[in-house]
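Sequence positions, counted from 1, serve as the residue numbers for this chain.
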Amino acid sequence: MARRLFLLLLAVTVELSLSGTIVVAFGVNWGTEASHPLPPSKVVELLKSNGIAKVKLFDADPKVLRALSGSNIGVTVGIQNSMLKSLNASVKVAESWVHDNVTRYFNGGNRVRIEYVAVGDEPFLQSYGNQYRPFVIGAAMNIQNALAKASLANVVKVVVPSSFDSFLSESGRPSSGHFRADLNKTMIELLSFLTKHHSPFFVTISPFLSFHQNKNISLDFSLFKQTAQAHKDGRKTYRNSFDLSYDILVSALSTIGFSEVDIVVSKIGWPTDGAANATSPTAETFFKGLMGHLEKKTGSLPRPPVETYIESLLDEDQRNLSSGNFERHWGVFTFDGQAKYNFNFSHNPKKVGNAQNVQYLPPKWCVVNNNKDLSNASARALEACAVADCTSILPGGSCSGIRWPGNVSYAFNSLYQQNDHSAESCNFGGLGLITTVDPSEDNCRFSIQLDTSHSASQIPTFFQRWPLLIVPTVWTLLKL
């Protein structure tokens, strides 16, 4: 199965004859937070060429759903967190949403194979506090009732994706796993709802974040390496981070009386840039280890997930950076649909398929003009990074090794590409220079953006997009 080069998993069904026949279903998350998104028709072609049979969306974009019509790809349609309050408050709003985003795609010959409606995108994330939690269960119930009214409740299941930090074990032992205290009542309500309607529990498992946040989790343990030091919990032995986290979740479910609910890993991934050990080779090792592990049903899992969705199909240069610079680099494929590493989703000997006939802007870049007084260049570059994506030049990034003024050129070019080669976006007070000579260095790629007719130009606005905690880091680097 492949996605993001071997990349992601939109979902392929694999049948293996080992001690018995087992079925492991994989899918992929398809996010669209990009300044120049790959056309939906190209993405669907990418999914099909790599044998990816399931996809999880974060919204219900009509252009995306139309592209999926007739593809026979299983689809999870998402409801954004911002809609939860209104959906909780009004049955009519829920019925209208279901009509516009589900029912209409079941009519006609080119129907969309919608399997789930995901109510919210990790609305229980601890950093959100109570912003969304009070509305989740009511919104889910209203969507369920709306599906029933449309005679779709037996076809489309309602789920609520839960975050990786919704469950924990202070001791690190799976047997002590439990849900966060502030979520206990809500989780009982949610799981009662899911059980009543025979829906699975959607949850994020993140070995990458566990590795970065827990000094007791080694890289080898995260990457399914046989040489990794095992973790013990009583008579059970854990040889990888995935099994450890998964069993913490299983214990949490059992603690509140829901040991039999089906589990879907709705997000699991390894980024390729923006942090230490976030590289393409490491991501490839992780995904190959994960897929082989689940397919062989090895390890200590009492019951593996019924489906697993890889995060994510494509890089997205507009994703929020509050969790880290790696957030924009989860893709198995680059923003333009090119595989980052060789991983086959469907056990087919052919190589991973890239997106074909992609339309790019002309081969032009914006760089710093070395013939000018560059005393103000770093400040201008910081303005560019307030709008465009500069995560690759920050510590841990693939371009963090290029020095001043090369990193200034990277910032200039990022804004220039985001603004569709607008001459004004390469001005920078006369410090910018448009060139046809590719300024890429070693593993640092100065990208050319996709040619999209609907992109909105953005002229620099100081500190418009970058979190304040990142700005000092960018400023320090751009002065080197």
Side-chain angles (χ1 to χ4, degrees), residues 1-12 14 24-29 31 50 52 56 164 203-231 238-249 264-301 304-305 307-315 323-334 339-347 352 396-398 443:
M1 315 170 211
R3 203 208 189 212
R4 288 202 184 200
L5 200 281
F6 74 53
L7 269 91
L8 284 133
L9 278 146
L10 232 265
V12 151
V14 180
V24 179
F26 291 98
V28 69
N29 285 276
N50 286 289
I52 299 172
K56 177 172 163 284
F164 76 96
V203 64
T204 295
I205 302 287
S206 187
F208 175 78
L209 291 177
S210 295
F211 166 63
H212 275 272
Q213 296 175 2
N214 189 339
K215 63 181 181 181
N216 294 319
I217 301 294
S218 70
L219 182 61
D220 283 355
F221 190 69
S222 303
L223 299 179
F224 301 90
K225 294 289 186 68
Q226 293 183 355
T227 55
Q229 182 176 351
H231 290 227
Y238 295 89
R239 301 192 181 281
N240 62 77
S241 180
F242 174 81
D243 284 3
L244 191 76
S245 295
Y246 191 87
D247 259 13
I248 291 175
L249 169 66
V264 169
V265 176
S266 53
K267 280 187 191 177
I268 186 168
W270 199 280
T272 58
D273 207 343
N277 295 297
T279 66
S280 293
T282 308
E284 179 175 1
T285 299
F286 171 77
F287 281 122
K288 287 182 175 178
L290 172 68
M291 294 180 68
H293 178 69
L294 291 179
E295 287 168 0
K296 294 176 183 176
K297 202 175 183 180
T298 58
S300 54
L301 297 185
E307 295 177 8
T308 300
Y309 290 81
I310 289 178
E311 183 180 23
S312 88
L313 184 61
L314 302 162
D315 283 346
S323 296
N325 300 324
F326 54 83
E327 284 291 346
R328 295 179 178 176
H329 305 280
W330 286 108
V332 174
F333 295 87
T334 54
K340 296 180 183 177
Y341 40 91
N342 190 25
F343 176 85
N344 201 298
F345 283 94
S346 56
H347 296 278
V352 176
S398 58
N443 294 325

(request) Determine yes or no for a side-chain-to-main-chain donor-acceptor pair under 3.5 angstrom, with Lys267 supplying the side chain and Ser206 the backbone. (result) no
(request) Answer yes or no: is there a side-chain heavy-atom contact under 4.5 Å between Phe211 and Trp270? (result) yes
(message) Using the side-chain hydrogen bond (donor to acceptor under 3.5 Å, both in side chains) definition, which of the options Asp273, Asn443, Thr279 pairs with Ser398?
(response) Asp273
(message) Testing the basics here: between Ser245 and Ile205, what is the closest heavy-atom pair and its distance to 0.1 Å?
(response) CB-CG2, 3.9 Å
(request) May I ask you to check whether over 12 heavy atoms, not counting those of Asn214, lie within 6.0 Å of atom CG? (result) yes
(message) I need the minimum non-hydrogen distance between Ala228 and Arg239, along with the two atoms involved.
(response) CB-O, 4.5 Å
(message) For a quick test of reading the model, state the closest non-hydrogen atom pair linking Phe286 to Leu223 and the distance between them.
(response) CB-CD2, 3.7 Å
(message) On a heavy-atom basis, which atom in Asp243 and which in Asn240 lie closest, and how many Å separate them?
(response) N-OD1, 2.8 Å
(request) Decide yes or no for Glu311 and Thr204: does some side-chain heavy atom of the first lie under 4.5 Å from some side-chain heavy atom of the second? (result) no
(request) For side-chain hydrogen bond (donor to acceptor under 3.5 Å, both in side chains), just list the numbers for Thr282 and Asn277, CA-CA rounded to whole Å, side-chain angles, deciding distance to a tenth of an Å, and then say yes or no. (result) CA-CA 7 Å; Thr282 308; Asn277 295 297; 5.2 Å; no
(request) Would you please classify the geometry between the Phe326 ring and the Phe208 ring as parallel, tilted or perpendicular, with 30° and 60° separating the classes? (result) perpendicular
(message) For Thr272, run the side-chain hydrogen bond (donor to acceptor under 3.5 Å, both in side chains) check against His329, Glu284, Lys340 and tell me which one passes.
(response) Lys340
(request) Output the distance between atom OG (Ser210) and atom CZ (Phe221), rounded to the nearest 0.5 Å. (result) 9.5 Å
(request) Please tell me if the side chains of Thr308 and Met291 come closer than 4.5 Å, counting only heavy atoms from C-beta onward. (result) no
(request) Find the distance between OG (Ser218) and NE2 (His231) and round it off to the nearest 0.5 Å. (result) 6.0 Å
(request) Look only at the side chain of Asn29 and the backbone of Ser266, and say whether a donor-acceptor pair between them is shorter than 3.5 Å. (result) yes
(request) Rounded to the nearest 0.5 Å, what's the gap from OG on Ser241 to CG on Asp220? Could you check? (result) 12.0 Å
(request) Look at the aromatic rings of Phe224 and Phe242 and report parallel, tilted or perpendicular, splitting at 30° and 60°. (result) tilted
(request) Drop me the distance from His212's NE2 to Ser323's OG, to the nearest 0.5 angstrom. (result) 12.5 Å
(request) Can you see which heavy atom on Leu314 is nearest to which on Thr334, and at what distance? (result) CD2-O, 3.2 Å
